[in-house]
Student: 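Supplied in structure tokens, the structure appears directly below.
In this text, all values refer to a predicted model and were calculated from it rather than measured experimentally.
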Amino acid sequence: MPAQLPKTYDPKGVEPRIYQMWIDGNYFHAKVDWTKRSFSIVIPPPNVTGQLHLGHAFDNTIQDILVRVKRMQGYSAVWVPGTDHAGIATQIKVEENLRKEGKTRHDLGREAFVELVWEWKRLHGGRIIEQLKTLGSSCDWERERFTMDEGCSRAVREVFVRLYEKGLIYKGSRIINWCPHCATAISDTEVEYRAQHGHLWNIRYKVSGSDEVLVVATTRPETMLGDTAVAVHPEDERYRHLVGKTCVLPLVGRVIPIVADSYVDPSFGTGCVKITPCHDPNDFEVAARHGLEHVLVMDGAARINENGGQYKGLTREEAREAVLRDLEAGGFLAGVEDHDHNVGVCYRCDTLVEPIISSQWFVKMEPLAGPAIDVVRDGRMKFVPERFTKTYLNWMEHVRDWCISRQLWWGHRIPAFYCDDCGHVTVAREDPTACEACHSAHIRQDEDVLDTWFSSALWPFSVFGWPNETPELKYFYPTTVVTPGYEIIFFWVARMIFSGLEHMGDVPFHTAYIHGIVRDDQGRKMSKSLGNGIDPVEIIDAYGADALRFTMVTGNAPGSDMRFYHERCEAMRNFGNKLWNAARFVLMNLHVDTWELPEELAMEDKWILSKFNRLVPDVTENIENYEVGVAAQKLYDFLWDDVCDWYIELVKPRLQGGDAARRSSAEQVLVAVLTGALKLLHPFMPFITEEIWQALPHEGPALMVAEWPHPDERLNFPVEEADMERVMAVIGAVRARRAEMRVPPAKKARILVVTTYRAAFEEGRASLMKLAGCSEVEIRETPPEDVKGLVALVTDSAQIYLPLAELVRVADERARLEKERRTAETERAKLSAKLANQGFVDKAPAAVVEAERARLDKLDSLLRKLSDSLAALPPEDEPS
RNA sequence: GGACGCUUAGCUCAGCUGGUAGAGCAUCCGCUUGACGUGCGGAUGGUCAGCGGUUCGAUUCCGUUAGCGUCCACCA
């Protein structure tokens with residue numbers, strides 16, 4: 001920083017330069033170094049063609065704080081960045097773009113289309129990475145990965161083959177969630193449920209060879225086209241005689257059996273359930289138990305297929321209307337009721353999900369879930385905040401097999417090859433040229449790709465080179481911590497855990513530090529459709545990255561959502577500016593270019609050093625416990641209140657005075673405290689702290705690689721700290737009283753301090769003069785004889801008299817002092833009752849009792865002084 | 001149906017293992033105070049949702065009620 005500094009901090013002018021300096025210094029790169037402890041984080045890989053949103057800003061800030069602290073603490077700390085190929089999201093994006101040219105992916109064909117997506121990735125893939133840099137993220141860019149790069153793809157293939165060989169991956173025909181819009185299967189996790197007002201239609205099914213009629217209830221009448229049975233509860237007396245008989249499916253005319261199954265709840269609806277095995281998971285189960293026929297009536301676009309007869313070609317919505325109309329016309333409709341229920345929609349596109357039978361690949365979860373439950377139960381892996389443990393366990397304990405195949409082109413293609421001749425499936429690490437069973441060359445690779453989350457599940461070890469046994473893997477795995485939002489606990493965290501355990505034999509990370517989501521100022525989720533999204537890039541532009549980062553970590557509890565307010569960013573920018581100006585002040589007054597702590601320390605020096613010395617372990621501990629918000633708040637308070645509002649003001653007289661030694665020691669302490677605080681603050685506000693540090697006398701190339709502060713025994717000054725605070729209390733009392741009495745600041749007064757802490761106040765004399773607006777300070781141990789015309793103030797260690805004759809009315813003074821006395825007495829009464837309570841004295845920790853005793857002493861002292869002051873008051877003024 | 005979270009100053013929210021209630025913003029009163037008006041000094045404002053319990057002591061722990069919110073499950 002040159003001598004002439006702007007009065008306001010300009011992030012735009014500083015941030016890119018500082019970031020480049022870090023890059024040039026290669027400070028982000030972490031090496032395998034067995035002489036150091038390792039610390040590692042892998043980034044939750046953002047979508048490669050996505051752009052930065054506040055959620056990214058949130059967890060990247062957290063990660064950066066953690067990794068910067070550890071780096072400064074001397075760890076070999078790596079933060080591995082990278083991006084996710086984001087199968088569906090990316091493919092859709094490219095397809096949409098293609099549609100502008102009036103083309104679909106099928107016009108191009110698989111190979112050309114995939115090449116086009118790669119091209120798109122090359123074009124847009126860098127954006128989010130660049131945006132992460134503007135945040136100040138200290139990722140090890142040399143280790144940047146992509147879920148579809150060669151290494152990650154190899155890991156995916158290896159995992160697939162291993163799991164297949166162990167029988168943990170299988171292909172089967174099951175009811176899966178089908179998204180008609182994305183035209184692919186999706187996993188259970190990818191379905192979101194929405195409450196919806198709907199209807200329950202009652203439909204008459206005529207019993208064969210009888211006049212009896214069964215009434216079934218359904219919310220989805222169009223699926224009746226695929227009914228292959230009607231089920232009743234085995235114990236249900238009403239229908240027992242019909243079990244084993246058949247009935248006739250209306251409109252279709254198919255004769256279907258009536259079966260008994262305990263799945264049916266006799267108390268719901270009519271107690272008769274239509275069974276549609278191909279379009280309902282429960283019905284699928286029932287069908288399996290009873291060996292029922294499967295009739296699939298919908299295609300991949302959720303249109304009725306040829307099995308739907310006359311309804312063929314209709315969409316599911318059209319089919320519903322048509323079916324209802326025809327049922328009505330045929331007299332099959334027995335009634336309709338309102339019915340609220342949940343419907344599943346695709347988390348990507350919001351389209352109503354269609355449960356449909358389909359042949360897909362699955363990961364068998366049960367054997368994988370067991371260990372994943374154990375490691376959390378026995379504490380080998382923990383969630384912060386702890387409550388997410390339960391969320392996780394509940395999910396893992398009930399998890400169903402994971403549908404991993406996607407009918408997409410963009411992704412890791414399933415390495416399964418079907419033999420046209422013998423039907424054998426060859427699953428192999430390298431593409432086979434022939435069927436492994438019959439050696440026929442007529443093999444075809446499975447058309448599908450894997451769920452995007454299949455590859456991100458491997459991220460904590462694939463990024464370090466697995467399946468190769470690399471030094472990185474040995475050194476950095478398990479990673480220390482991951483920092484996802486709670487919305488991806490199931491998508492990502494859970495799957496990393498069982499994958500890590502299965503393939504690495506160890507947890508992928510020791511801690512999952514879960515955060516909430518960033519909402520708008522009305523508490524709404526940010527979304528494209530609401531148009532309420534806030535672009536972090538604009539925020540950085542307006543307030544600076546440091547301000548955004550600080551906003552992200554302060555004022556919200558771990559794991560809970562936060563609302564985003566511009567005002568908060570503004571406040572944090574102001575904090576940066578405050579720090580900037582404090583630094584400017586220090587530099588303006590600095591006459592040295594190196595520093596060390598002076599031998600002779602003044603009271604205020606010891607006070608601030610002592611406070612700082614306590615701040616160091618406090619902040620360190622908070623960060624270690626993942627209480628970054630608390631740590632940030634402490635730094636904010638220390639810098640603004642203690643350093644700026646007090647210490648700097650306290651040393652101004654020395655800096656401007658003629659005593660060179662006292663001036664110089666103030667400079668030294670200023671630099672010491674500022675430097676120390678900059679180190680602690682650096683992980684939170686890396687840019688501004690680095691910029692200031694570079695301008696201050698320093699050793700080493702950069703703050704970001706400076707050593708994290710340690711508390712220093714020699715800097716504990718409890719006595720001087722207390723003395724200083726006694727003086728500060730008097731300053732506060734005088735200021736408050738003056739403000740109350742509207743004494744203009746320019747009007748200085750002579751004050752009289754009556755105290756037994758004479759030495760402390762002698763040393764604080766200059767501070768009192770400067771900060772309490774005094775023309776003169778008299779310190780004595782006994783009160784003056786005549787206090788007429790004096791305003792009396794009391795702290796627990798001093799009585800103060802201000803000669804403000806023209807402003808004083810004795811009656812008012814008396815009233816005020818008495819009010820203070822009453823307050824103090826009330827408090828004293830409470831306190832002495834507490835101390836008189838034998839239970840308290842016996843059972844409370846000694847330190848607490850001691851503290852309360854000390855407080856009582858102070859109150860007594862205060863009360864004595866109040867009484868003295870009251871007694872000394874002259875008789876009431878003559879009414880004039 | 002199950003689980004979880006929240007309810008603290010006008011607003012938005014912090015408050016670690018129980019031991020004198022905090023911040024930012026807003027409001028009010030002052031201030032060109034030689035770092036900073038993105039500032040300085042001062043002030044107002046809270047029976048910490050209600051009710052029980054444990055405890056010497058509860059905003060903090062337990063139970064319960066109410067309101068709000070989230071996740072999971074999904075009886076057609």
Student: Less than 3.5 Å apart, which donor and acceptor atoms pair up between the side chains of residues 617-631 of chain A and the rest of the protein, not counting sequence neighbours?
Tutor:
{"unit_1": "A:Thr620", "atom_1": "OG1", "unit_2": "A:Val616", "atom_2": "O", "d": "2.6"}
{"unit_1": "A:Thr620", "atom_1": "OG1", "unit_2": "A:Trp708", "atom_2": "NE1", "d": "3.0"}
{"unit_1": "A:Asn622", "atom_1": "OD1", "unit_2": "A:Lys634", "atom_2": "NZ", "d": "2.7"}
{"unit_1": "A:Asn622", "atom_1": "ND2", "unit_2": "A:Glu627", "atom_2": "OE1", "d": "2.7"}
{"unit_1": "A:Glu624", "atom_1": "OE2", "unit_2": "A:Lys70", "atom_2": "NZ", "d": "3.3"}
{"unit_1": "A:Asn625", "atom_1": "ND2", "unit_2": "A:Glu621", "atom_2": "O", "d": "3.3"}

Student: Output a table of nitrogen or oxygen pairs between the protein and nucleotides 37-39 of chain B separated by less than 3.5 Å.
Tutor:
{"unit_1": "B:U38", "atom_1": "O4'", "unit_2": "A:Asn574", "atom_2": "OD1", "d": "3.0"}
{"unit_1": "B:U38", "atom_1": "O2'", "unit_2": "A:Asn577", "atom_2": "OD1", "d": "3.1"}
{"unit_1": "B:U38", "atom_1": "O2", "unit_2": "A:Arg573", "atom_2": "NE", "d": "3.2"}
{"unit_1": "B:U38", "atom_1": "O2", "unit_2": "A:Asn574", "atom_2": "OD1", "d": "3.1"}
{"unit_1": "B:G39", "atom_1": "OP1", "unit_2": "A:Asn574", "atom_2": "ND2", "d": "3.1"}
{"unit_1": "B:G39", "atom_1": "O3'", "unit_2": "A:Lys578", "atom_2": "NZ", "d": "3.0"}

Student: Using side-chain hydrogen bond (donor to acceptor under 3.5 Å, both in side chains) as the criterion, list what pairs up with A:Arg238, not counting sequence neighbours.
Tutor: A:Asp236
Student: Which residues satisfy the ring-ring contact (aromatic ring centres under 6.0 Å, His included) test with A:Phe687, sequence neighbours excluded?
Tutor: A:Trp22
Student: For A:Phe585, check ring-ring contact (aromatic ring centres under 6.0 Å, His included) against everything at least two apart and list the hits.
Tutor: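 In terms of ring-ring contact (aromatic ring centres under 6.0 Å, His included), with neighbours along the sequence ignored, A:Phe585 is linked to no residue.
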Student: Check whether any side-chain N or O of A:Asn177 sits under 3.5 Å from a backbone N or O of A:Glu354 as a donor-acceptor pair, and report yes or no.
Tutor: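 No, because the side chain of A:Asn177 does not come within donor-acceptor range (under 3.5 Å) of the backbone of A:Glu354.
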Student: Quick one: label A:Cys272 by what it contacts on the DNA or RNA (base, sugar-phosphate, nothing), any heavy atom closer than 4.0 Å.
Tutor: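 Counting heavy atoms under 4.0 Å across all strands, no contact is made by A:Cys272.
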Student: Using nucleotides 14-17 of chain B, report all nitrogen or oxygen pairs with the protein that are shorter than 3.5 Å.
Tutor:
{"unit_1": "B:A14", "atom_1": "OP1", "unit_2": "A:Ala557", "atom_2": "N", "d": "3.1"}
{"unit_1": "B:A14", "atom_1": "OP1", "unit_2": "A:Ser560", "atom_2": "OG", "d": "3.2"}
{"unit_1": "B:A14", "atom_1": "O5'", "unit_2": "A:Ala557", "atom_2": "N", "d": "3.4"}

Student: For nucleotides 19-22 of chain B, print each protein N/O atom paired with a nucleotide N/O atom at under 3.5 Å, atom names and distance only.
Tutor:
{"unit_1": "B:U20", "atom_1": "O2", "unit_2": "A:Glu827", "atom_2": "OE2", "d": "3.3"}

Student: Taking 4.0 Å as the cut-off, does a side-chain nitrogen or oxygen of A:His339 come that near to OP1 or OP2 on B:A76?
Tutor: yes
Student: Go through residues 216-231 of chain A and report each residue with a non-hydrogen atom lying under 4.0 Å from RNA chain B, sorted by number.
Tutor: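 Hits under 4.0 Å, by residue number: A:Ala217, A:Thr218, A:Thr219.
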Student: RNA chain B in dot-bracket, Watson-Crick or G-U pairs under 3.5 Å, [ ] crossing, | other strand?
Tutor: (((((((..((((.....[..)))).(((((.......))))).....(((((..]....))))))))))))....
Student: Quick one: salt bridge (charged side-chain N to carboxylate O under 4.0 Å, His left out) pairs with a partner in residues 262-281 of chain A, sequence neighbours left out?
Tutor: A:Asp227-A:Lys274
Student: What's the NZ-C1' distance between A:Lys830 and B:G57, to the nearest Å?
Tutor: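 Answer to the nearest Å: 13 Å.
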Student: Collect all protein-nucleotide pairs involving nucleotides 67-73 of chain B in which both atoms are nitrogen or oxygen and the distance is under 3.5 Å.
Tutor:
{"unit_1": "B:A73", "atom_1": "N6", "unit_2": "A:Asn342", "atom_2": "ND2", "d": "3.0"}

Student: Got a sec, which residues hit side-chain contact (heavy atoms from CB on, under 4.5 Å) with A:Ala287, two or more places apart in sequence or on another chain?
Tutor: A:Pro277, A:Leu292, A:His294
